[in-house]
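Please read the structure below before turning to the comments.
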Amino acid sequence: QVQLVESGGGSVQAGGSLGLSCAASGNTYSTDCMGWFRQAPGKEREAVASIYTNGGGTYYADSVKGRFTISQDNAKNTLYLQMNSLKPEDTAMYYCAAAAFGLQYSCVSGAWRHGGYWGQGTQVTVSS
């Protein structure tokens with residue numbers, strides 16, 4: 001089992017920045033992919049960014065490229081998401097997730113939507 005706890009959400013005005021953190025514990029060595037997802041009310045879950053922890057390959061949704069940065073600190077078992085130039089459409093519940101895929105492509109293709117371990121989420125609200 002892997003436990004994930006997100007932190008860092010909050011409210012910010014458009015154009016501002018927020019940084020999210022995800023602390024992982026438990027059998028983290030059993031996973032090789034971590035990611036950030038978001039879901040707004042009435043919308044489907046969206047993959048925001050993911051990182052292949054064994055090699056560092058990354059994926060970003062087109063809507064966040066150039067604005068968000070995913071990173072990891074293996075020594076601290078922590079995943080980060082730095083969000084800059086935030087827009088009202090970035091408003092959502094953000095979730096951290098971890099999974100074992102075995103292949104970098106499976107982690108960074110953008111197709112990951114379900115499966116693995118998930119945190120409880122942290123709310124990000126961007127006002128115009």
Side-chain angles (χ1 to χ4, degrees):
Q1 293 290 322
V2 175
Q3 294 78 42
L4 303 169
V5 179
E6 303 96 336
S7 61
S11 298
V12 66
Q13 288 191 328
S17 298
L18 279 175
L20 304 183
S21 298
C22 173
S25 60
N27 296 333
T28 58
Y29 58 85
S30 67
T31 62
D32 58 13
C33 182
M34 295 192 75
W36 290 98
F37 297 76
R38 66 187 181 187
Q39 189 166 18
K43 294 188 176 181
E44 293 186 354
R45 180 184 296 170
E46 174 187 18
V48 175
S50 60
I51 184 166
Y52 187 60
T53 58
N54 285 346
T58 58
Y59 161 83
Y60 291 96
D62 287 342
S63 58
V64 307
K65 281 181 181 177
R67 300 189 298 123
F68 291 12
T69 302
I70 189 171
S71 62
Q72 59 178 341
D73 185 331
N74 290 334
K76 296 182 179 179
N77 283 335
T78 302
L79 182 73
Y80 303 98
L81 185 69
Q82 179 62 38
M83 305 183 293
N84 299 327
S85 302
L86 283 161
K87 304 176 181 180
E89 50 264 43
D90 294 319
T91 295
M93 185 71 77
Y94 282 70
Y95 298 91
C96 170
F101 287 115
L103 294 173
Q104 175 170 299
Y105 174 79
S106 299
C107 176
V108 301
S109 68
W112 180 22
R113 292 289 185 279
H114 303 282
Y117 305 94
W118 294 79
Q120 293 301 306
T122 185
Q123 178 68 36
V124 171
T125 302
V126 184
S127 58
S128 58

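The shown structure was predicted, so the numbers you read here are calculated from the model rather than taken from an experiment.
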Distance-minimising heavy-atom pair for [X] and [Y]:
X: Ala14; Y: Pro88; answer: CB-CD, 4.1 Å
X: Ala47; Y: Ala61; answer: O-CB, 3.4 Å
X: Gly8; Y: Leu18; answer: O-CD2, 4.0 Å
X: Leu4; Y: Ala24; answer: CD2-CB, 3.6 Å

Nearest 0.5 angstrom please: [X] [atom1] to [Y] [atom2], how far?
X: Asn77; Y: Ser25; atom1: CG; atom2: OG; result: 8.0 Å
X: Phe37; Y: Leu81; atom1: CZ; atom2: CG; result: 11.5 Å
X: Leu20; Y: Thr122; atom1: CG; atom2: OG1; result: 6.0 Å
X: Thr53; Y: Met34; atom1: OG1; atom2: CE; result: 8.0 Å
X: Thr28; Y: Leu79; atom1: OG1; atom2: CG; result: 12.0 Å
X: Glu6; Y: Gln123; atom1: CD; atom2: CD; result: 12.0 Å

(message) Do Val108 and Ile51 sit in one hydrophobic cluster, given that two such residues count as connected whenever their side-chain heavy atoms are within less than 4.5 Å of each other, even indirectly?
(response) no
(message) Using side chain to side chain contact (heavy atoms under 4.5 Å, CB included), reason through Gln120 and Val5 one step at a time and then give a plain yes or no.
(response) CA-CA 7 Å; Gln120 293 301 306; Val5 179; over 6 Å; no
For the backbone of [Y] and the side chain of [X], can you confirm whether one donor and one acceptor N or O come within less than 3.5 Å of each other?
X: Asn27; Y: Tyr29; value: no
X: Thr78; Y: Lys76; value: yes
X: Arg67; Y: Ser85; value: yes

Holding to side-chain contact (heavy atoms from CB on, under 4.5 Å), I want the full list of residues that pass it with [X], two or more places apart in sequence or in another chain.
X: Glu44; value: none
X: Ser7; value: Ser21
X: Glu89; value: Lys87
X: Ala40; value: Lys43, Ala92

(request) Using the test side-chain hydrogen bond (donor to acceptor under 3.5 Å, both in side chains), find all partners of Asn84 that sit at least two apart in sequence or belong to another chain. (result) Ser17, Gln82
(message) Show every ring pair (Phe, Tyr, Trp, His ring centres under 6.0 Å) that has at least one partner inside residues 47-102, sequence neighbours left out.
(response) Phe101-Trp112
(message) Per the disulfide (SG to SG under 2.5 Å) rule, what does the pair list look like for residues 41-128, sequence neighbours excluded?
(response) Cys22-Cys96, Cys33-Cys107
(request) Please list all pairs passing the disulfide (SG to SG under 2.5 Å) test where one or both residues lie in residues 34-76, with sequence neighbours left out. (result)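 Passing the test, one end in residues 34-76: no pairs.
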(message) Using the salt bridge (Lys or Arg N to Asp or Glu O under 4.0 Å) criterion, which residues pair with Asp62? Sequence neighbours excluded.
(response) Lys65
(request) Provide the full list of salt bridge (charged side-chain N to carboxylate O under 4.0 Å, His left out) pairs with a residue in residues 25-41, sequence neighbours left out, each pair given once. (result) Arg38-Glu46, Arg38-Asp90
(request) Could you point out which residue of Thr125, Val64, Val12, Thr91 forms a side chain to side chain contact (heavy atoms under 4.5 Å, CB included) with Leu86? (result) Val12
(request) Answer yes or no on whether Arg113 is positioned over the face of Trp118, meaning its NZ or CZ is under 6.0 Å from the six-membered ring centre and within 45° of the axis. (result)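 No, Arg113 does not sit over the ring of Trp118.
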